[in-house]
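As structure tokens, the structure follows; a few thoughts come after it.
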Amino acid sequence: MNEPVRPDDPPPSETGDAAAAVPPQVFRQAVEQAALAISITDAHAHILYANPTFERVTGYAQGEVLGHNESILSYRVTPKIVYETLWAQLKRQRPWNGLLVNRRRDGSRYLADLTITPVVDEAGQTTHYLGMHRDVTEVHRLERQVQNQKTLIESVVDAAQVAIVLLDENERVLLDNQEYKKLIGDLGGEPAAVLLATLRPEIERARARRRSLANREVLVQQAGRAPRWFSCSIAWFEEQDVSADAFYEPAKRNYVLLTIQDISELKQQQEAIRINGLRALLAEQERIQALRETLAGAVYQLEGPLNILAAAVKLQDRRKEAGADDPLAAALEEAVRNGRETLDTLRASIPDGAGEQALPVDLNTVVRDILKLSTPRLLAAGVVVDWQPAPELPAIPGRVTQLSTLFKQLVDNAVEALHESRGGPRELRVATLGGTDHLEVVIEDSGPGIPDEWRFKVFEPFFTTKGADQHHLGMGLAIAQEIVARHGGTLDIDAAYRSGCRMRVQLPCASGGPA
Ligand code: FAD
């Protein structure tokens with residue numbers, strides 16, 4: 001019988017014997033009714049006691065295990081080293097916790113999460129062991145399943161031909177694949193940071209609308225490295241916070257999934273196709289231009305004699321008024337009329353270059369394309385090109401083919417001038433400059449330049465400084481001038497430039513010039 005507890009007695013915890021406050025049968029009942037499989041053994045692991053949960057978990061009735069070693073539950077797959085570790089720990093009178101594969105009475109196996117505590121008497125001797133275990137087979141199965149799925153996902157992600165990276169809400173990398181790792185080496189930094197920075201305004205808009213971003217093309221240009229194109233897709237998703245804090249108050253974590261595909265090769269192919277298309281278009285333009293030059297030249301050549309003929313008719317007319325009825329005058333009149341009709345027909349058959357529709361044009365692209373197209377010629381002529389595009393250039397209303405023809409003409413002229421200059425550097429400097437009302441393109445060569453007295457004449461049709469044997473009709477700059485005028489701009493030669501020739505094209509930012 002326990003001593004009754006009096007009200008003025010100090011609490012049992014203060015006396016250092018809290019267990020004394022609990023009647024001994026409560027300890028027994030607690031063990032009996034515990035939801036854990038509890039067993040008590042002697043110092044050799046022979047079972048002296050097993051609770052009902054032990055019976056339920058193992059399938060053995062208490063009477064069947066009493067006096068048996070706990071090894072009655074052991075199954076051969078648990079490595080020997082586990083038991084050796086278990087016993088080494090117990091021999092040091094330390095509790096041991098670990099996982100063992102146990103076999104039930106019916107032969108089925110389960111995973112036991114077991115804790116063994118040595119019971120030490122006042123003399124410091126281990127007299128008993130207390131074993132407590134629970135069946136964690138299902139927990140283990142789920143853990144393994146999650147692990148397997150994770151491994152599977154990681155293998156699939158790793159094997160993917162696109163770079164994949166998972167970022168937390170602060171855009172720190174949580175997970176990436178092999179392709180992404182390769183990109184780190186290629187770009188010499190964190191690819192996600194570079195690409196997301198470029199897409200930032202779009203990202204903000206997409207996030208606000210809770211939409212993902214698909215196949216956004218990003219150009220990465222780094223000094224000393226070839227430009228690279230990437231197609232990026234971004235998706236956002238939420239995950240339940242798994243921390244203990246969020247157990248009763250669920251919280252969410254946000255993640256960013258970025259997939260990156262290197263499309264540089266595709267872009268190069270597209271670019272080559274585009275440049276080839278432009279080359280074909282400009283070749284066609286040149287053919288049309290040659291036809292225009294020839295027809296305009298023919299009209300020009302015919303106009304002279306026809307004017308003389310017309311003057312002769314006028315002279316004859318005056319004589320006719322004096323009363324003379326001259327059949328020669330009638331024939332001449334007929335010839336002039338026919339001649340004018342022929343000239344009108346010729347003029348009408350000169351192909352019109354103004355049919356193209358005006359669209360927003362990026363001058364940097366147009367000029368860059370022309371330089372690309374002219375690369376073989378520039379290389380063959382040993383010309384050093386200094387291309388300085390304005391970093392920010394608004395699109396202007398323009399006709400791409402006509403503007404391409406214009407800049408091709410100016411670059412061709414510069415290359416030809418450089419070709420002629422003997423000795424000295426062969427330099428071509430091309431720059432685009434932004435402005436509020438107009439944009440400017442400057443084409444500068446280190447050739448012989450254009451003398452002051454020809455500064456305006458060179459824009460006249462059929463004016464050429466080259467001999468006729470060189471097949472120059474002198475229409476190139478006239479056509480260039482015409483294209484610029486159609487865009488409402490100006491084309492002039494910088495008189496102050498003395499180290500060669502500097503052509504300056506100014507084009508208005510807004511439409512409104514002549515069609
Ligand atoms: P054993 O021949 O029994 O032992 C393997 C190795 O363990 C031996 O080489 C030896 O180094 C060491 N060892 C074994 N017994 C002792 C000992 N008394 N003193 C020092 N070293 C020893 N095992 C289970 O498989 N499942 C259980 O649920 C389980 N519960 C246990 C609960 C308690 C309270 C205790 C004390 C032990 C428990 N054991 C349990 C361990 C069990 O007693 C056996 O050691 C184990 O099952 C291995 O048995 P075995 O016949 O395969 O090898």
Side-chain angles (χ1 to χ4, degrees), residues 2 12-13 16-151 244:
N2 283 327
S13 58
D17 189 9
V22 182
Q25 71 272 18
V26 174
F27 282 99
R28 188 180 178 87
Q29 284 159 351
V31 172
E32 280 282 306
Q33 292 164 27
L36 273 177
I38 296 178
S39 58
I40 297 172
T41 71
D42 63 13
H44 303 287
H46 293 126
I47 300 170
L48 303 175
Y49 167 81
N51 75 350
T53 304
F54 183 99
E55 292 179 322
R56 211 168 37 251
V57 172
T58 64
Y60 286 105
Q62 176 145 213
E64 292 174 303
V65 291
L66 289 185
H68 283 277
N69 191 292
E70 292 269 9
S71 64
I72 194 170
L73 300 174
S74 77
Y75 186 61
R76 56 186 161 76
V77 295
T78 305
K80 207 167 172 198
I81 182 76
V82 176
Y83 299 123
E84 286 172 357
T85 315
L86 174 161
W87 281 110
Q89 187 82 343
L90 296 184
K91 288 291 159 197
R92 288 204 295 271
Q93 294 191 328
R94 300 243 173 89
W96 176 89
N97 171 256
L99 296 170
L100 299 176
V101 180
N102 273 359
R103 185 173 49 186
R104 294 191 189 88
R105 188 177 189 277
D106 62 7
S108 61
R109 272 82 61 193
Y110 68 96
L111 193 68
D113 180 357
L114 170 68
T115 300
I116 304 174
T117 311
V119 180
V120 181
D121 66 9
E122 278 108 15
Q125 294 299 310
T126 302
T127 56
H128 298 83
Y129 291 108
L130 169 70
M132 294 179 289
H133 78 265
R134 53 192 188 103
D135 179 353
V136 292
T137 315
E138 187 58 15
V139 176
H140 169 73
R141 195 183 64 79
L142 292 172
E143 269 176 13
R144 267 290 147 86
Q145 214 168 24
V146 169
Q147 189 60 45
N148 286 348
Q149 276 171 1
K150 190 166 172 268
T151 310

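Being a predicted model, the structure only gives us computed values, none of them experimental. Just follow the structure's listing: the first ligand is 1, and inside any ligand the first atom is 1. Just so it is clear, the values below take in all heavy atoms, side chains as well, and ignore hydrogens, waters and symmetry mates.
- Considering backbone and side-chain atoms together, Tyr129 places no N or O closer than 3.5 Å to any N or O of ligand 1.
- Taking any N or O of His133, backbone or side chain, none lies under 3.5 Å from an N or O belonging to ligand 1.
- Note that the OG1 atom of Thr117 and the CD atom of Gln93 stand 12.0 Å from one another [nearest 0.5 Å].
- Test Gln62, Arg28, Glu32 against Tyr49 for side chain to side chain donor-acceptor pair (under 3.5 Å) and you get one pass: Glu32.
- To the nearest 0.5 Å, atom CG of residue Leu86 and atom CG of residue Leu100 are 6.5 Å apart.
- Counting non-hydrogen atoms of neighbouring residues, nucleotides and ligands closer than 6.0 angstrom, the CZ atom of Arg92 exceeds 12 such neighbours.
- Nearest non-hydrogen protein atom to atom 20 (C) of ligand 1 is Lys91 CE, 3.3 Å.
- Contact annotation: for Ile40 versus ligand 1, there are no heavy atoms closer than 4.0 Å.
- Of all protein heavy atoms, the one closest to atom 38 (C) of ligand 1 is Glu70 CB, 3.3 Å.
- When only non-hydrogen protein atoms are considered, atom 44 (C) of ligand 1 lies nearest to Ser71 CB, 3.8 Å.
- Polar contact with ligand 1: present for Trp87 (N/O pair, distance under 3.5 Å).
- Ion pairing of Arg56 with Asp135 is absent here, as no side-chain N (NZ or NE/NH1/NH2) approaches a carboxylate O to less than 4.0 Å.
- For residues 109-132, the ring pair (Phe, Tyr, Trp, His ring centres under 6.0 Å) pairs, not counting sequence neighbours, are Trp87-Tyr129, Tyr110-His133.
- Residue-to-ligand polar distances keep Ser39 apart from ligand 1: every N/O pair is separated by 3.5 Å or more.
- The side chain to side chain contact (heavy atoms under 4.5 Å, CB included) test with Thr58 is passed by exactly one of Leu73, Thr53, Asp106, Ile72: Leu73.
- When heavy-atom distances to ligand 1 are checked against a 4.0 Å cut-off, Leu114 comes that close only through its side chain, counted from C-beta outward.
- The protein non-hydrogen atom at the shortest distance from atom 35 (C) of ligand 1 is Ile116 CD1, 3.6 Å.
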